[in-house]
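The structure presented is a predicted model; accordingly, all values stated were derived computationally and were not measured. Start at 1 and go down the list; that is how both ligands and their atoms are numbered.
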Amino acid sequence: MSDTKPHKIIIAIDGFSSCGKSTFAKAIASRLGYIFIDTGAMYRAVTLYALEHGAIRSGIVHEEEVVALLNEMAITFRFNPERGASDIYVNGDRVEGKIRTIEVSNCVSAVSAIAEVRHKLVAMQQEMGRKRGVVMDGRDIGTVVFPDAELKIFMTADPRVRAQRRYDELTAKGDNVSLEEIEQNVRDRDYQDMHRAISPLRQADDAIVLDNSAMTVEEQMEWVMERIEQARN
Ligand code: DC
């Protein structure tokens with residue numbers, strides 16, 4: 001038994017879209033006093049910028065044009081006490097509210113399949129987690145970004161349950177979307193995320209699976225806190 005404080009670890013949370021990874025990761029980080037990093041927000045920010053700067057036209061992602069834009073994009077995070085999490089900024093503009101639209105969701109898998117995009121964002125993520133004490137959620141955290149993370153969780157849930165959750169979220173914000181459209185997007189992104197050539201979504205060999213289709217946030221927290229205890233000691 002050690003009498004020192006538990007050391008800071010990296011908690012990697014990967015899994016399918018709309019599983020509640022970010023909500024879960026944020027709750028864990030605030031419980032532990034760790035930094036929470038939503039890596040999906042970074043891929044979304046690049047996608048939004050590409051849409052706004054004409055590198056995606058009629059839904060077609062023009063790779064070389066997206067890559068050219070990368071050099072002029074500075075992505076930063078700033079803690080927002082109201083949300084209890086960091087907001088994402090591009091070149092000083094807060095884009096948090098604009099990155100979760102269906103337009104961005106429809107193009108983000110294609111943008112995140114570009115090697116140069118992944119290269120830049122993975123390097124940033126590794127730097128942010130250098131001192132450990134982070135909870136990072138995404139698709140490749142346990143496999144590529146931090147293969148040495150002390151705790152790796154792979155989240156999954158029924159696609160219908162996930163579509164309903166995202167639909168509730170978007171309609172609560174006043175977005176005019178249909179449940180069918182959302183479910184199609186969830187299924188398409190699952191497929192694209194798992195089948196892309198670089199860093200496809202897959203469960204790390206040493207990850208623990210959490211299927212939260214029928215679990216409350218409290219149940220998930222109880223489940224994870226036990227595993228964190230084990231991983232920290
Ligand atoms: O977690 P999210 O749904 O906000 O992520 C948006 C997209 O970004 C997702 O469809 C795949 C991509 N992504 C990725 O390729 N790698 C990550 N680490 C995080 C997200």
Side-chain angles (χ1 to χ4, degrees), residues 10-26 36-51 56 59 61 63 66 70 75 77 83 85-88 90 95-129 134-147 149 152-157 159 161-163 165-167 169-170 173 177 182-204 207 210 212:
I10 291 181
I11 302 174
I13 303 185
D14 290 303
F16 294 101
S17 60
S18 305
C19 275
K21 294 190 299 293
S22 297
T23 310
F24 188 50
K26 184 174 130 185
F36 155 57
I37 299 158
D38 172 359
T39 64
M42 299 167 77
Y43 290 94
R44 286 173 179 276
V46 174
T47 306
L48 176 72
Y49 195 83
L51 278 163
I56 302 175
V61 175
E63 262 192 54
V66 175
L70 275 179
I75 298 177
F77 284 96
R83 279 201 325 124
S86 295
D87 288 341
I88 191 161
V90 176
V95 293
E96 192 57 47
K98 294 201 274 178
I99 57 172
R100 301 189 198 277
T101 61
I102 191 83
E103 289 74 23
V104 171
S105 295
N106 281 337
C107 302
V108 65
S109 284
V111 170
S112 64
I114 302 173
E116 289 86 346
V117 171
R118 302 207 71 83
H119 189 76
K120 173 170 169 144
L121 299 190
V122 167
M124 279 182 69
Q125 292 152 11
Q126 288 171 333
E127 177 56 28
M128 289 188 277
V134 299
V135 187
M136 201 174 274
D137 86 276
R139 302 293 189 288
D140 58 343
I141 312 304
T143 50
V144 174
V145 182
F146 288 110
K152 299 181 186 177
I153 297 166
F154 190 84
M155 281 178 84
T156 178
V161 173
R162 290 189 274 137
R165 287 179 188 157
R166 183 136 296 194
Y167 175 80
E169 235 172 68
L170 291 173
K173 278 199 314 185
V177 286
I182 303 285
E183 187 173 337
Q184 194 55 51
N185 174 261
V186 162
R187 289 184 188 275
D188 287 350
R189 283 203 290 147
D190 284 358
Y191 184 87
Q192 292 180 47
D193 292 348
M194 284 188 296
H195 291 86
R196 66 173 173 235
I198 316 156
S199 316
L201 169 64
R202 73 169 179 84
Q203 188 189 327
L210 172 63
N212 71 1

For [atom], grab the closest protein heavy atom and report residue, atom and distance to one decimal in Å.
| atom | result |
| --- | --- |
| atom 16 (N) of ligand 1 | Arg118 NH2, 3.0 Å |
| atom 10 (O) of ligand 1 | Arg189 NH1, 3.0 Å |
| atom 4 (O) of ligand 1 | Arg44 NE, 2.7 Å |
| atom 18 (N) of ligand 1 | Asp140 OD1, 2.8 Å |

Ligand 1 contacted by Gln125 (non-hydrogen, < 4.0 Å):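 Distance cut 4.0 Å: Gln125 fails for ligand 1.
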Contact check: [X] vs ligand 1, nitrogen or oxygen atoms, below 3.5 angstrom:
| X | value |
| --- | --- |
| Arg100 | no |
| Arg196 | yes |
| Thr39 | yes |
| Asp38 | no |

CG-CG distance between Asn106 and Asp188, expressed to the nearest 0.5 angstrom: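 Spacing of CG (Asn106) from CG (Asp188) equals 8.0 Å.
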Gap between atom CD1 of Ile141 and atom CD of Gln126 - 0.5 Å precision: 9.5 Å
Hey, which atoms in ligand 1 end up nearer than 4.0 Å to a heavy atom of [X]?
| X | answer |
| --- | --- |
| Asp193 | 9 (C), 10 (O), 11 (C) |
| Ser112 | 11 (C), 12 (C), 15 (O) |
| Gly138 | 17 (C), 18 (N), 19 (C) |
| Ser109 | 10 (O) |

Pairing of Arg44 and Asp38 as salt bridge, 4.0 angstrom limit: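 Salt bridge between Arg44 and Asp38, a charged N being under 4.0 Å from a carboxylate O: no.
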Cationic N near anionic O, under 4.0 Å, Asp14 to Arg139: no
Proximity to ligand 1 by part of Gln192, non-hydrogen separation under 4.0 Å: neither
Residue portion contacting ligand 1 (non-hydrogen atoms closer than 4.0 Å) for Met136: neither
Minimum non-hydrogen distance to atom 2 (P) of ligand 1, winning option of Lys21, Met42, Arg139: Arg139
Got [X] and [Y] here, is their nearest side-chain heavy-atom distance under 4.5 Å?
| X | Y | result |
| --- | --- | --- |
| Phe16 | Met194 | yes |
| Val135 | Ile13 | yes |
| Arg162 | Cys19 | yes |

Main-chain N/O of Glu169 paired to Arg166 side chain as donor or acceptor, under 3.5 Å: no
Any donor-acceptor N/O pair, Lys152 side chain to Ala12 backbone, under 3.5 Å: no
Flag for Asn185-Ser105: side-chain donor and acceptor within less than 3.5 Å: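 No, no side-chain donor-acceptor pair sits under 3.5 Å.
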